[in-house]
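Excluded from the calculations below are hydrogen atoms, water molecules and symmetry mates; all remaining heavy atoms, backbone and side chain alike, are included.
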Amino acid sequence: MPRPMKWRKVCCLPDSQVFGPMGQRAMLLESVVMTVDEYETIRLIDLEGMMQEECAVKMNVARTTVQKIYNDARKKLADVIVNGKVMRIEGGEYRLYDETERLDDRGCCRKHRSEVHHPVK
């Protein structure tokens, strides 16, 4: 019997899901798909400055799982940048944070942190 799926926790979906060269030529280029959970590891580790252990706690997975996800994500980023490919962010094994998890000041995206501290009236 296979082990049950352990969903990775993600704060929010990216505002933009497609990146790469611009113009009509971009439509003809090979694309790379980065999953939402890969995007989240890049956001937490590289943008938020978390260690892999902290990232693992936020995403509700083992540190070794974060390490694999992060390594896969970085390889995809390098492929996109070096080889001029288009990157799409979609899919993956994730669940979005619920509202109580978004209230945590550290680890959720800046967009949600600003909504928590400075609600729109």
Side-chain angles (χ1 to χ4, degrees):
M1 181 170 188
R3 196 170 157 191
M5 171 68 64
K6 188 166 187 180
W7 297 100
R8 291 97 190 245
K9 299 295 277 190
V10 172
C11 175
C12 59
L13 298 175
D15 289 334
S16 300
Q17 289 84 27
V18 180
F19 301 88
M22 296 166 52
Q24 286 187 324
R25 182 178 163 267
M27 301 301 271
L28 305 173
L29 294 174
E30 184 179 344
S31 67
V32 173
V33 175
M34 176 179 283
T35 63
V36 173
D37 44 323
E38 289 170 335
Y39 159 82
E40 184 74 347
T41 62
I42 294 290
R43 188 185 70 76
L44 290 173
I45 294 170
D46 293 335
L47 185 63
E48 298 292 338
M50 289 186 182
M51 301 302 291
Q52 288 182 6
E53 187 64 41
E54 292 175 282
C55 179
V57 169
K58 286 289 181 191
M59 292 182 70
N60 195 36
V61 295
R63 187 204 54 80
T64 53
T65 301
V66 165
Q67 185 176 29
K68 181 183 180 336
I69 295 168
Y70 182 64
N71 288 340
D72 291 347
R74 291 190 56 170
K75 184 170 179 144
K76 290 176 183 182
L77 281 174
D79 187 23
V80 167
I81 293 168
V82 172
N83 297 315
K85 295 180 180 178
V86 172
M87 182 175 68
R88 293 181 290 118
I89 301 174
E90 59 186 40
E93 302 166 351
Y94 71 95
R95 292 282 186 252
L96 293 175
Y97 283 17
D98 62 31
E99 284 306 311
T100 57
E101 292 166 314
R102 283 199 178 107
L103 294 176
D104 179 8
D105 189 44
R106 184 159 157 81
C108 203
C109 57
R110 295 170 198 263
K111 174 174 62 175
H112 284 104
R113 283 200 308 250
S114 64
E115 288 173 6
V116 169
H117 296 298
H118 307 288
V120 177
K121 295 179 182 180

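Closest of all the heavy-atom pairs between Thr41 and Glu38 is OG1-O, 2.7 Å. Heavy atoms only, all atoms of each residue included: Val66 and Ala56 are closest at CG2-CA, 3.4 Å. Glu40 and Cys11 get closest at one heavy-atom pair: OE2-N, 3.1 Å. Minimum heavy-atom separation, Leu96 to Cys12: CD2-CA, 3.8 Å. Here the closest non-hydrogen pair linking Asp37 and Ile69 is O-CG2, 3.7 Å. In terms of heavy atoms, Glu93 sits closest to Trp7 at C-CE3, 3.5 Å.
Distance check: Arg8 CZ to Thr65 OG1 gives 6.5 Å after rounding to the nearest 0.5 Å. With values rounded to the nearest 0.5 angstrom, Leu47 atom CG is found 8.0 Å from Tyr39 atom OH. A distance of 7.0 Å separates CG in Leu44 from CE in Met59, rounded to the nearest 0.5 Å.
Val57 and Val61 sit in two unconnected hydrophobic clusters of ILVMFWY residues. Membership requires side-chain heavy atoms under 4.5 Å apart, directly or through other members. Following chains of ILVMFWY side-chain contacts shorter than 4.5 Å, one can reach Tyr94 starting from Met34, so the two form part of one hydrophobic cluster.
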| said: Please determine whether salt bridge (Lys or Arg N to Asp or Glu O under 4.0 Å) holds for the pair Lys68 and Asp72, giving the CA-CA distance in whole Å, both sets of side-chain angles, and the decisive distance to 0.1 Å. | reply: CA-CA 6 Å; Lys68 181 183 180 336; Asp72 291 347; 2.8 Å; yes
| query | side chain to side chain contact (heavy atoms under 4.5 Å, CB included) between Arg43 and Glu48: does it pass, once the steps are laid out? | reply | CA-CA 6 Å; Arg43 188 185 70 76; Glu48 298 292 338; 3.5 Å; yes
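Looking at Arg95 and Asn60, their side chains never come closer than 4.5 Å, going by heavy atoms from C-beta outward. Taking 4.5 Å as the limit, some side-chain heavy atom of Ile45 sits within range of a side-chain heavy atom of Tyr70.
Judged purely by atom type and a 3.5 angstrom limit, Asn71 uses its side chain to pair as donor or acceptor with the backbone of Gln67. Between the side chain of Lys85 and the main chain of Gly20, no donor-acceptor pair closer than 3.5 Å is present.
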